[in-house]
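Structure, as C-alpha cells:
Protein chains get the first letters and strands the later ones, always in sequence-line order, with residue 1 at the start of each.
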Amino acid sequence: MSPGTSWGRYPQAQNQRVIALRDRHAPLPAFEGTALPYGNGRSYGDSCLNDGGTLLATRGLDRYIGFDPATGVLRCEAGVLLSDILDFAVAQGWFLPVTPGTKFVTVGGAIANDVHGKNHHVAGCFSEYVDGFELLRSDGTRRWCSPSENADWFAATAGGLGLTGVVTWAQIRLKRIRGAWMNIETHRFANLREFLALSAASERDYEYTVAWIDCVARGDALGRGHFIRANHAPAGDGPARPKRRLSVPFTPPFSLINGASLRAFNAAYYHRQRTPVAHALTHYEPYFYPLDAIGHWNRIYGPKGFLQYQCVVPPEGAEHALTDLIEQIADSGTGSFLAVLKMFGPGRSAGILSFPRPGATLALDFPNRGAATFELLERLDDVVAAAGGAVYPAKDARMRGERFRQYYPAWESLRPYLDPAFSSGFWRRVTE
Amino acid sequence: MRRILIIGATSAIAEATARRFAARGDALCLVGRDAARLKTIADDLGVRGAVRTATATLDVNDYAAHAGAIDTAERELGGLDTVLIAHGTLSDQAECETSVDALRREFDTNALSVMALLTPLANRFAAQGHGTIAVISSVAGDRGRMSNYAYGAAKAAVSAFLSGLRQRLQKSGVAVVTIKPGFVDTPMTKNFPKGALWAQPDDVAKGIVEAIDKGKSVVYLPWFWSLIMFVIRCVPEFVFKRVKL
C-alpha cells in the first residue's frame with residue numbers, strides 16, 4: 001500500500017505530504033495546512049485522505065509496550081497491525097475480541113473507525129475492548145482517554161475518523177481461545193426471509209454469524225445465499241493454516257468485474273454447496289480473512305478503482321428495505337462477488353460517530369463506472385435514509401453531506417473535540 | 001536461544017533485526033545512546049518473544065566506556081554468542097569537504113569506533129572459541145564516489161578491517177560477517193527521494209539473520225547490490241573519474 005492512497009483507489013488525493021511518525025514520545029512534527037493520521041490505508045474512500053494537506057503516517061509506531069499472558073491485556077503503539085497481534089497472541093491462547101474482515105488494519109485505525117466484526121451481535125464494537133489510549137493533539141497536549149477518564153474524549157475519538165488528534169498507543173483486552181480453529185456451519189438459504197429466521201435462531205448459540213448473498217438473483221430467489229455461523233473450536237488440532245498467498249501483481253487496464261463474470265460467479269458460488277447444511281473445522285485465517293489471502297485484491301477493479309457501500313437499516317422494516325436495496329443492485333447489473341449481510345446486535349457503542357446500530361448491515365463493492373455507479377449509490381442512499389439507517393464513513397467516497405448529517409445526527413457534538421489543525425477529505429466533503 | 005549484543009540498537013535496521021531474533025526466542029542486550037528509546041525497544045522485544053532483554057547506554061565515541069558496555073552485556077546475558085554492530089551516521093559530504101572537524105567526527109563514528117569495539121570483542125570471542133561477529137558496513141565502501149566518499153572511506157576501512165579479522169579468527173571458530181546494505185528506507189535516509197532500488201529495513205534484517213545463521217563472510221543486501229557493485233568496481237578509473245555518481 002503506497003502511503004497516501006485508500007483501499008478503493010477512488011478518489012485519488014492530490015498534493016498530499018506524508019510524514020512518518022516513529023516515536024510515540026516525540027511531539028508531532030511541524031506540518032503545513034491540515035493533518036490527518038494515516039494507518040495502513042485500508043479505509044476505502046477518502047476518510048483516510050487529506051487533499052492538499054499532510055498525512056501523519058502511523059505505521060512506524062509499531063512497538064508493543066507490554067502484554068500480560070495471564071489476563072490478555074495488551075499495550076501497544078497505534079501503528080501495530082491486528083495481524084501482528086494475532087501472530088504472537090494466538091499461540092498463547094489469545095484472540096482479537098473484535099476483528100474486521102481484514103487483519104491488515106492498525107490498532108489506531110480500528111479505534112478511529114470503531115470497527116466491528118462477525119460477532120457484533122454478542123460482542124459489540126472494537127472500542128468496547130479498549131481500556132484507554134493516549135491522544136496527542138496538535139497543540140502538544142497528551143490525554144489519557146478511557147471510558148472513565150476523559151470519557152467524552154474517548155467517545156469522540158472512538159469512531160472519530162482520526163479527527164480529534166493522533167492516538168499514539170492504546171491498551172486493549174484480548175479474548176481467551178483454546179486454539180486456532182473454528183467450527184463452522186454453512187446453511188444455504190433461499191431468500192431474505194430465511195436469512196432473517198436463521199439469524200434470529202443463531203444469535204444465542206453462535207458467536208460469529210454472517211451471510212454471503214447473491215446480489216444478482218431476483219424474484220423468488222432475491223436475497224438467496226449462504227449463512228455462515230461459527231464458534232471457536234475446543235482445544236485440539238485442526239487442519240494447517242493455508243500457506244499459499246496469492247497476489248494480484250499489477251492493475252489490469254480495465255475492471256475484471258463485469259456483468260457476465262458477476263452472474264457466473266454468483267450462481268456458481270450459490271450452488272457450490274450441494275447440501276443445505278455443511279460443517280467444517282477451519283483455521284481462523286481463511287474463516288475471518290478470506291480476502292487477505294489475495295494480496296492487492298483491490299487491483300481487480302482496474303485503474304478507476306471501486307466503491308464499497310456498507311449500510312445498516314433498522315430491524316423493523318429491514319426485510320422491506322433490504323428487498324429494495326437488492327432489487328436496485330440486481331437491476332443495475334453491477335455489484336460484487338461477495339455481498340455480505342449481517343444482523344448487528346442491540347448494543348450501541350460509546351463512539352459518537354460509530355457506525356454500528358441495531359439492524360441489518362449490507363456491504364458490497366461496485367467497480368467505478370462513473371455516473372452510473374454514483375447514481376445507483378444515490379438511489380441506495382434514498383432507501384437507507386427513508387428506512388432510518390446509515391452508511392459507514394470508513395467505506396464511503398461519495399455520500400452527500402446532507403445524508404451524512406441525517407445518518408449521524410450527533411455529528412455536531414463532535415465539534416468541540418476536533419483538533420483544529422486536523423481534517424480529511426471525507427470530513428470536508430460531508431460538513432462543508 | 002542465542003545471547004546477542006546489538007550496538008547501535010536504535011537504528012531502524014538493528015531494530016528490525018532484533019525483532020526477528022526476539023520472535024525466535026533469543027536473549028538480547030541493546031546498546032545505544034538514548035536510554036529511553038532503548039527501553040521502548042526492549043519492552044517491544046519482550047512481547048515479541050525475547051527470553052531476556054537488557055539495555056546499556058553508550059556513546060561509541062567514548063572509547064573508555066567500551067569495555068564497560070561489553071561487560072554489562074556479558075553479565076546480563078551470561079555470555080555472548082553473537083554481536084551485531086549497527087551504529088553509524090550518514091555523513092554530510094559537502095560539510096566534510098570544507099571542515100576537517102566534520103570529516104574526523106564522521107570517521108570516528110563510522111570507522112574508528114567500530115574498530116575500537118571490535119578489538120576487545122575479537123579477543124573475547126577468540127578466547128571462548130565460538131561465536132559470530134556481524135558488522136553493518138555499506139556498499140558505499142566498495143568504491144569512493146564523489147557524492148559520499150567521506151562516508152564511503154570510513155565504510156571501506158571497516159570492510160578492510162573485517163576482512164583481516166575474519167582471516168585471523170577463522171582458526172578460532174569465530175565467524176566474521178560483513179554486511180553491505182544498499183539503499184534502505186530508514187530515518188537516516190529520510191531526505192532522499194526513493195526509487196525502485198530502495199529496500200525496507202525488514203528486508204535487510206531478514207538477510208542479516210540469514211547471513212549470521214549461515215556464517216557467511218560478505219553479504220550484499222538486497223542481493224542485487226552484489227551485481228551493481230561488481231559493475232561499479234570494474235569500471236576503469238579513467239572512465240570512472242568522468243562519471244558523476
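Counting heavy-atom pairs under 4.5 Å between each of I65(A), V80(A), D87(A) and chain B puts I65(A) at the top. Chain A forms the most heavy-atom pairs under 4.5 Å with one residue out of G46(B), G49(B), P187(B), and that residue is P187(B). Of the residues considered (E15(B), K190(B), R37(B)), E15(B) shows the highest number of contacts with chain A, using heavy-atom pairs under 4.5 Å.
Interface residue R63(A): backbone and side-chain heavy atoms are both found under 4.5 Å from chain B. Contact annotation for F67(A): both backbone and side-chain heavy atoms come within less than 4.5 Å of a heavy atom of chain B. R75(A) does not touch chain B: none of its heavy atoms, backbone or side chain, sits under 4.5 Å away.
The shortest side-chain heavy-atom distance between V31(B) and I6(B) does not fall under the 4.5 Å cut-off. Using a 4.5 Å heavy-atom cutoff, the side chains of D142(B) and K180(B) are in contact.
Partners of R52(B) by salt bridge (Lys or Arg N to Asp or Glu O under 4.0 Å), not counting sequence neighbours, listed by chain and number: E76(B).
Between the side chains of Q16(A) and T54(A), no donor-acceptor pair is found at a separation under 3.5 Å.
The stretch residues 204-213 of chain B participates, sequence neighbours left out, in these side-chain hydrogen bond (donor to acceptor under 3.5 Å, both in side chains) pairs: R2(B)-D213(B), R24(B)-D213(B).
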